[in-house]
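Step one of this worksheet: look at the structure below.
Each chain gets a letter, A, B and so on, in the order the sequences are listed, and its residues count up from 1. Quantities reported herein were computed from a predicted structural model and do not represent experimental measurements.
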Number of protein chains: 4
Amino acid sequence: MGVTMDGTKQQRRGNTRQRIQDVALELFAEQGYEKTSLREIAERLDVTKAALYYHFKTKEEITVSLFEDLTQPIEALIEWGRQQPHTLETKQEIVRRYSEALAGAEPLFRFMQENQATVRELRIGDTFKDRLRGLRDIIIDPEAPLVEQVRCVSAMFTLHAGMFVMQDLEGDPGKKREAVLEVALDLVTQAHRGAHGTE
Amino acid sequence: MGVTMDGTKQQRRGNTRQRIQDVALELFAEQGYEKTSLREIAERLDVTKAALYYHFKTKEEITVSLFEDLTQPIEALIEWGRQQPHTLETKQEIVRRYSEALAGAEPLFRFMQENQATVRELRIGDTFKDRLRGLRDIIIDPEAPLVEQVRCVSAMFTLHAGMFVMQDLEGDPGKKREAVLEVALDLVTQAHRGAHGTE
Amino acid sequence: MGVTMDGTKQQRRGNTRQRIQDVALELFAEQGYEKTSLREIAERLDVTKAALYYHFKTKEEITVSLFEDLTQPIEALIEWGRQQPHTLETKQEIVRRYSEALAGAEPLFRFMQENQATVRELRIGDTFKDRLRGLRDIIIDPEAPLVEQVRCVSAMFTLHAGMFVMQDLEGDPGKKREAVLEVALDLVTQAHRGAHGTE
Amino acid sequence: MGVTMDGTKQQRRGNTRQRIQDVALELFAEQGYEKTSLREIAERLDVTKAALYYHFKTKEEITVSLFEDLTQPIEALIEWGRQQPHTLETKQEIVRRYSEALAGAEPLFRFMQENQATVRELRIGDTFKDRLRGLRDIIIDPEAPLVEQVRCVSAMFTLHAGMFVMQDLEGDPGKKREAVLEVALDLVTQAHRGAHGTE
DNA sequence: GATGAATGAGATTTCATTCAT
DNA sequence: GATGAATGAAATCTCATTCAT
């Protein structure tokens, strides 16, 4: 990995920060935040622990930086969603785009989902929950019956589940993602109809 | 030590094991498994760390014992489910009972959900996933279209989400639980119909 | 040291806390607080670093405990002084007793004097300065001319200096201490006369 | 970098060495030598740590340079003193001039006084003690009775104390300094008389 | 005259665990 | 049924220092 024909470590200059982030995310997602020590990250990168501290002030800051870099798509999505009319089509589009965003930042979401207890203390936790709430508030109609609101949350959660739990369902991954998306779309559609009639 | 007449330290004899489990679960759920040290548990109980080791061989064993005690209802549910015919009614009843089981062991599930990364390494993780898979296989029809299978998983996941994420929806907790259950029931019902026609 | 005829470590039971304090004070006085690592203390005692943490929560706490144990004589002296009339004899007696107190806790005072910068941050610093101020306020007459007040402070400082700086004056230690005491007594006597006339 | 027109970064060229010394001394005096890291110094100067190493080979060398620059007045004083006759007037003049020298290099002396433990290892420590001994030997008469010798040391120490401990005496700083000087002068005068009669 | 990137050594602290009593 | 004393391993973090550019 990253070793060239002459055996030297190529690409080592100028991208260490990025490499730290990559390895950290990978290990955090794989083994959990607490189980992943800076020693381990450093060893994988073949640098010293102190090098990590040159690039990030604390372990927490590594994590924060991961969030900042990777939650931008969601941020953008919320922004977009806010400016659309609250129609069924918008909601469906949100679900579709959210599904994509999740797929694009799978390890981060996996990390978050599997380390909630940790993330919660990480002061970024709130920020992120806020964002999700933002999304939710776009597809949820606060006037709608409670059941329909639940259906919307369920839709989003189905997408999350799609990333992990569904993995051990049989079937082609692509098809599975489609199926998950379909279920989620159905849920918001039902929610919308339940709230506004079949329009 | 062992004072009795005034009742303060009464009830302390013979149930320490239980008390350890209670406090451990509480702290694990609240702060996460890794963040909770045996020192902390011992301090809350006003005993020494060594006392914990009289009752449990390792920290892991405390956790395992929690699972063993608390997953019996699920175990029983699966057993019951296996002996029923695979009708819609059975599936609905499974969902209903699962919902109750979750409510009855909330902290444990919360602990599991928020510490997946940890639980996974805990060798109990598999056991538990196996159980959930057992449940799933009862409400899922393996011949059914993929979308309907997803719908079933989504139903179960909706119940999970109901415990935590939905908490910050507005509304009376009782009503919320009902709404969650309704959505989950809808999902398995739709799944069933989608697989077998409207019968 | 502490090794008996059969060569085993005698007295190792029950007095580790004390031994930690002894060694710590010795090293702090000899090399300075910051230069003395817990590793070093532990090694000298032939225990592990973790053993130190069994007895003291932090490095700072070791220091605090040293102060608490060793400043009691001063405390007592102040208490005594407060209840005496503000006569010349009292002041002289204070100086005499203070001189003794200093001699009895030499390493601690040496540590304090040579590590003021550190001690200041140690939150015990204030406490100690308060005590010294307490002493000062007994021998100083706040109405007296400034010069006489200075003379009193100078008396106390002379005693301090006596412990360290004077060490490299030639002469028998006992005689030196006497000489130092005499100078200090002269100073408070002059101060008293300067303020109240030769009475 | 190197901006000039607006004056902000002006004067930054060519005097970095000086600025390092200033900030270092300030921080050393304020927080102690060990507690002050090169990172901190660099940050205050808005340069990198490496820049410090362009100007000084080690942290110790920064300190040494401070001493060299700031102890020259004392050096000169000793030289002057050596060539004077050992009369009372000379001794008084030495005390006066020493008092001034102290005032002119307050932070350095404060640093020295509060970090003796550190300074002692700094190999400059000896040098400095040597100098102070030099001074002492001028005002002390080695044939004089021990008490009178102590009085002389006490005089010098009173001047030191004047810088710090006396600070929290009430009164105008200028007057306090005068008072301190007066006490010190008294002490050498008494010492001289005690040794040679009232001449 | 300085920076960016890194290192090696070491500090304090915490943890799960053990065992004699 | 528990405690008191300790350990070994490891974690996070900091520091002075180096060196190619």
What is the distance from [atom1] of [X] to [atom2] of [N], rounded to the nearest Å?
X        : N      : atom1 : atom2 : value
C:Leu52  : F:dA5  : CG    : P     : 14 Å
B:Asn15  : F:dG1  : CG    : P     : 11 Å
B:Leu45  : F:dG1  : CG    : C1'   : 14 Å
A:Glu43  : F:dT12 : CD    : P     : 12 Å
C:Asp46  : F:dA5  : CG    : P     : 18 Å
A:Leu122 : F:dT12 : CG    : P     : 13 Å
D:Glu61  : F:dA16 : CD    : P     : 15 Å
A:Phe56  : E:dA5  : CZ    : P     : 12 Å

| field | All pairs passing ring-ring contact (aromatic ring centres under 6.0 Å, His included) where residues 41-66 of chain B contributes a residue, at least two apart | value |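 Residue pairs with at least one partner in residues 41-66 of chain B: there are none.
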| query | If you write DNA chain F from 5' to 3' in dot-bracket form, with Watson-Crick or G-U pairs under 3.5 Å, [ ] for crossing pairs and | for pairs with another strand, what do you get? | reply | .||||||||||||||||||||
| query | What is the distance from atom CG of A:Asp69 to atom CG of A:Leu108, rounded to the nearest 0.5 Å? | reply |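 Between A:Asp69 CG and A:Leu108 CG, I get 9.5 Å after rounding to 0.5 Å.
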| query | Roughly how far, to the nearest 0.5 Å, is CD1 of D:Ile41 from CD1 of D:Ile62? | reply |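 Between D:Ile62 CD1 and D:Ile41 CD1, I get 5.0 Å after rounding to 0.5 Å.
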Using the test side chain to side chain donor-acceptor pair (under 3.5 Å), find all partners of [X] that sit at least two apart in sequence or belong to another chain.
X        : answer
A:Arg17  : none
A:Glu26  : A:Arg44
D:Arg110 : none

| task | Using a 4.0 Å cut-off on protein heavy atoms (strictly under), produce a 5'-to-3' string for nucleotides 13-19 of chain E with B for base contact, S for backbone-only sugar-phosphate contact, and - for none. | result | BBBBBBB
| task | With sequence neighbours left out, write down each residue that passes salt bridge (charged side-chain N to carboxylate O under 4.0 Å, His left out) with A:Glu43, or none if nothing qualifies. | result |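 Checked A:Glu43 against salt bridge (charged side-chain N to carboxylate O under 4.0 Å, His left out); matches are A:Arg39.
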| message | Going by the rule salt bridge (charged side-chain N to carboxylate O under 4.0 Å, His left out), which residues pair with A:Glu121 if we only count those two or more places apart in sequence or in a different chain? | response |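 Once residues adjacent in sequence are excluded, A:Glu121 has no partner under the salt bridge (charged side-chain N to carboxylate O under 4.0 Å, His left out) criterion.
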| request: Measure from the side-chain heavy atoms of A:Tyr54 and tell me the nearest of E:dA2, F:dA2, E:dA6. | output: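 Looking only at heavy atoms from C-beta outward on A:Tyr54, the closest nucleotide is E:dA6.
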| query | Within less than 4.0 Å of OP1 or OP2 of E:dA2, is there a side-chain N or O belonging to D:His55? | reply |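 Yes, such a contact exists.
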Identify every side-chain donor-acceptor pair in residues 27-34 of chain B under 3.5 Å, counting partners at least two apart or on other chains, and give the distances.
from	atom 1	to	atom 2	distance (Å)
B:Gln31	OE1	B:Thr36	OG1	3.3
B:Gln31	NE2	B:Glu40	OE2	2.9
B:Glu34	OE2	B:Thr118	OG1	2.9

